[in-house]
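Have a look at the structure below before the remarks.
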Amino acid sequence: MKYTGSCHCGKIAFEVEGEIKGAMACNCSICSRKGSLLWFVPRTQFRLLTSEQDLATYTFNKHVIKHHFCTTCNMHPFAKSVDPKGQPTATINIRCLQGIDLDTVPVKHFDKQSK
Ligand SMILES: [Zn+2]
């Protein structure tokens, strides 16, 4: 399944391939503010359709996750990071994908014990 996603104004657009089996409602300090629902995919399944230069980047804590956002509409459609095995991943905010019914996606919540 191929999905397309974008920020609100469309300056950032992307394609991502895969099957959404679930999403993560992350409780870290940034995701809890943004309300992102996260879907993790290998970076090879992600393709940016717009210019890399239009991505603004925010990092915090250990600065290993690049949270990309749009400077025009301020949406945070995805982030890039590396998984524990060293594989590049893309973390998609599925709220920014087109044509998906969010009510059908099982959402996992981090328990309060995990960081
Ligand atoms: Zn935008």
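Both backbone and side-chain heavy atoms feed into the values below; hydrogens, waters and symmetry mates do not.
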Using every non-hydrogen atom in the two residues, find where Trp39 and Gly22 come nearest and quote the distance to one decimal. CD1-O, 4.0 Å
Taking the side chain as everything from C-beta on, heavy atoms only, tell me whether His109 gets closer than 4.5 Å to Asn27. no
May I ask you to decide if the ring planes of Phe69 and His76 are parallel, tilted or perpendicular, using 30° and 60° as cut-offs? parallel
Using only atom types and a distance under 3.5 Å, with no angle test, would you say the side chain of Gln45 pairs donor to acceptor with the backbone of Glu17? yes
Can you see which heavy atom on Ala13 is nearest to which on Leu48, and at what distance? O-CD1, 3.5 Å
Minimum heavy-atom distance between Cys73 and Cys9, given as atom pair plus value: SG-N, 3.4 Å
Under 4.5 Å between side-chain heavy atoms, chaining through other members, with only Ile, Leu, Val, Met, Phe, Trp and Tyr counted: pull out the rest of the cluster around Ile65, sorted by chain and number. Val64
If you look at every heavy atom in Val82 and Thr89, which pair is closest and at what distance? N-OG1, 4.0 Å
Let me know which of Lys66, His68, His67 forms a side chain to side chain donor-acceptor pair (under 3.5 Å) with Thr57. His68
Is the shortest side-chain heavy-atom distance between Arg47 and Glu15 below 4.5 Å? yes
Between Thr72 and Ile12, is there a side-chain heavy-atom distance shorter than 4.5 Å? no
Residue pair Ser6 / Gln98, side-chain heavy-atom distance below 4.5 Å: yes
Thr50/Leu55 under side chain to side chain contact (heavy atoms under 4.5 Å, CB included): CA gap, chis, key distance, verdict: CA-CA 9 Å; Thr50 50; Leu55 299 177; 5.6 Å; no
State, with a plain yes or no, whether a side-chain heavy atom of Phe40 is found less than 4.5 Å away from one of Asp83. no
What I'd like to find out is whether the side chain of Leu97 reaches to under 4.5 Å of the side chain of Val16, using heavy atoms alone. yes
Arg33 side chain to Cys28 main-chain N or O, any donor-acceptor pair under 3.5 Å? no
Under the criterion side chain to side chain contact (heavy atoms under 4.5 Å, CB included), which of Ile94, Thr91, Leu38, Val107 is the partner of Met24? Leu38
Under the 3.5 angstrom rule, does the side chain of Asn93 hit a backbone N or O of Phe78 as a donor-acceptor pair? no
Min side-chain heavy-atom separation Tyr58-Ile30 under 4.5 Å: yes
